[in-house]
Engineer: 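After the structure tokens below, expect a handful of questions from me.
Just so you know, residue 1 is the first one in the sequence shown, and it goes up from there.
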Amino acid sequence: MRQNLNVRQPSGQHWARKTRQESLLRPLSPPLQKINPQWHVLQVRQRFERIVALSLRERAIEGYVPLRRIGRKANGTSIELPLFPGYAFCKFDEVAVSSFYDIPGVLCMVQGTDGINIIPEQQITDLRRILASGLDVQAWPFTLQGGTVMAEDGPLSGVTGILEQRTDKRFLVLSIQLIRRPIAVKIDHLSQTSFRPGAETINL
């Protein structure tokens, strides 16, 4: 016996409503992609710098706390401390992050008087190269501008900063304007490091 295989088709209005409901339940595909993430600075409680960086990584956000080695313990191991106490760098975009204030230790996001809160990628790259060079780093008086140079060779090759002369000593100065914390690296007089003028007045 043949069965009646006629199936009632939904009306146009019902079909459109059902389609809209299914589209609301269907997950977005592909997922939203990060758009042009930029470097920012978070002001944090001192001694929370590395805790904040770890929390950022747990949220799939790139965090960076520059560390410097100072002194030596009795057993001969060096001590690493934050180069900029009270600050942690992070790279994100507006799509990826809505708030950082639920991370323990975070106080606020640093913003300049001009409203800018972005750090150029090159500054972070230069900072990492300086620390990776193993050269001694020291604090330096803050300066807004000066003639720029770029190291052409040696352990600081590619690093851009202000070259300052103090008596018979030379220093390459790198400054993060948002936190007003310059650092300087002494260029040994025996070093064969050469520099070329930068393209423009430095404003780090």
Engineer: Nearest 0.5 Å, what's the CG-CG distance between N117 and D114?
Structural biologist: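 Taking CG in N117 and CG in D114, the distance rounds to 9.5 Å.
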Engineer: Is there a donor-acceptor pair under 3.5 Å between the side chain of N36 and the backbone N or O of D93?
Structural biologist: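 Not a single qualifying donor-acceptor pair exists.
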Engineer: CD1/I183 to CG/L172 distance, rounded to the nearest 0.5 angstrom?
Structural biologist: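 Nearest 0.5 Å value for the CD1-CG distance: 9.0 Å.
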Engineer: Q43: which residues meet the side chain to side chain donor-acceptor pair (under 3.5 Å) condition with it, sequence neighbours left out?
Structural biologist: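 By the side chain to side chain donor-acceptor pair (under 3.5 Å) rule, Q43 matches no residue at all.
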Engineer: Between R47 and R45, is there a side-chain heavy-atom distance shorter than 4.5 Å?
Structural biologist: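 No, their side chains stay 4.5 Å or more apart.
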Engineer: For R128, check salt bridge (Lys or Arg N to Asp or Glu O under 4.0 Å) against everything at least two apart and list the hits.
Structural biologist: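 Scan of R128 (salt bridge (Lys or Arg N to Asp or Glu O under 4.0 Å), adjacent residues dropped) gives E62.
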Engineer: Quick one: NZ on K91 to CD1 on I119, what's the gap to the nearest 0.5 Å?
Structural biologist: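 It comes to 12.0 Å.
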Engineer: Could you please spell out the steps behind the side-chain contact (heavy atoms from CB on, under 4.5 Å) verdict for I103 and R59?
Structural biologist: CA-CA 10 Å; I103 296 179; R59 300 185 182 199; 3.5 Å; yes
Engineer: On a heavy-atom basis, which atom in V106 and which in V44 lie closest, and how many Å separate them?
Structural biologist: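 Between these two residues, the closest heavy atoms are CA-CG1, 4.2 Å.
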Engineer: Which atom names give the shortest non-hydrogen contact between P104 and F48, and what distance separates them?
Structural biologist: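 That closest heavy-atom pairing would be O-CD2, 3.8 Å.
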Engineer: Honestly curious: do L67 and L127 fall in one hydrophobic cluster under the side-chain, below-4.5 Å linking rule?
Structural biologist: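 Per the 4.5 Å side-chain linkage, L67 and L127 are not co-clustered.
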Engineer: Can you give me the closest heavy-atom contact between I61 and C90, atom names plus distance?
Structural biologist: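 Heavy atoms only, the tightest pair is CG2-CB, 4.5 Å.
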Engineer: When you group the ILVMFWY residues by side-chain heavy-atom contacts below 4.5 Å and let the links chain together, are F92 and Y101 in the same group?
Structural biologist: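 Yes, same cluster.
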Engineer: Let me confirm one number: the CZ-CD1 distance from F142 to I176, rounded to the nearest 0.5 Å.
Structural biologist: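 Taking CZ in F142 and CD1 in I176, the distance rounds to 10.0 Å.
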Engineer: How are the rings of F171 and W140 set relative to one another: parallel (under 30°), tilted (30 to 60°) or perpendicular (over 60°)?
Structural biologist: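 Answer is tilted, since the angle falls between 30° and 60°.
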Engineer: Is the shortest side-chain heavy-atom distance between I118 and H40 below 4.5 Å?
Structural biologist: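 They are in side-chain contact.
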Engineer: What are the two closest heavy atoms between V110 and L178, and how far apart are they?
Structural biologist: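 In this case the closest contact between V110 and L178 is CG1-O, 3.4 Å.
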Engineer: Is it the case that over 12 heavy atoms from other parts of the model lie below 6.0 angstrom from the CG atom of D136?
Structural biologist: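 At most 12 heavy atoms, drawn from other residues, nucleotides or ligands, come within 6.0 Å of this atom.
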Engineer: Give the intermediate values and the outcome of side-chain contact (heavy atoms from CB on, under 4.5 Å) for residues V52 and V65.
Structural biologist: CA-CA 9 Å; V52 169; V65 175; over 6 Å; no
Engineer: For P85, which residues count as a side chain to side chain contact (heavy atoms under 4.5 Å, CB included) partner, sequence neighbours excluded?
Structural biologist: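 Residues passing side chain to side chain contact (heavy atoms under 4.5 Å, CB included) with P85: Q46, E49.
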Engineer: Less than 4.5 Å apart, any side-chain heavy atom of V137 and any of R68?
Structural biologist: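 A side-chain contact is absent here, since even the closest heavy-atom pair is not under 4.5 Å.
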Engineer: Using a 3.5 Å distance criterion without hydrogens, assess whether the side chain of E121 forms a donor-acceptor pair with backbone atoms of Q123.
Structural biologist: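 No; judged by distance alone, with no hydrogens or angles, the pair does not exist.
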Engineer: What are the two closest non-hydrogen atoms of F89 and L56, and how far apart are they?
Structural biologist: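 The answer is O-CD1, 4.2 Å.
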Engineer: Before giving the answer on side-chain contact (heavy atoms from CB on, under 4.5 Å), spell out for F195 and R170 the whole-Å C-alpha distance, their side-chain angles and the decisive distance to 0.1 Å.
Structural biologist: CA-CA 12 Å; F195 299 90; R170 293 188 303 168; 3.9 Å; yes
Engineer: If you take all heavy atoms of P182 and P141, which pair is closest and at what distance?
Structural biologist: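 Smallest interatomic distance, heavy atoms only, reads CG-O, 3.6 Å.
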Engineer: So, taking the atom named OG1 in T160 and the one named CZ in R196, what distance separates them when rounded to the nearest 0.5 Å?
Structural biologist: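 Rounded to the nearest 0.5 Å, the OG1-CZ separation comes to 7.5 Å.
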Engineer: Quick one: CG on D126 to CG on L174, what's the gap to the nearest 0.5 Å?
Structural biologist: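 Interatomic distance, D126 CG to L174 CG, rounded to 0.5 Å: 6.0 Å.
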Engineer: Set out, in order, the CA-CA distance, both residues' side-chain angles and the distance that settles side-chain contact (heavy atoms from CB on, under 4.5 Å) for R69 and I79, then state yes or no.
Structural biologist: CA-CA 5 Å; R69 295 182 182 274; I79 304 172; over 6 Å; no
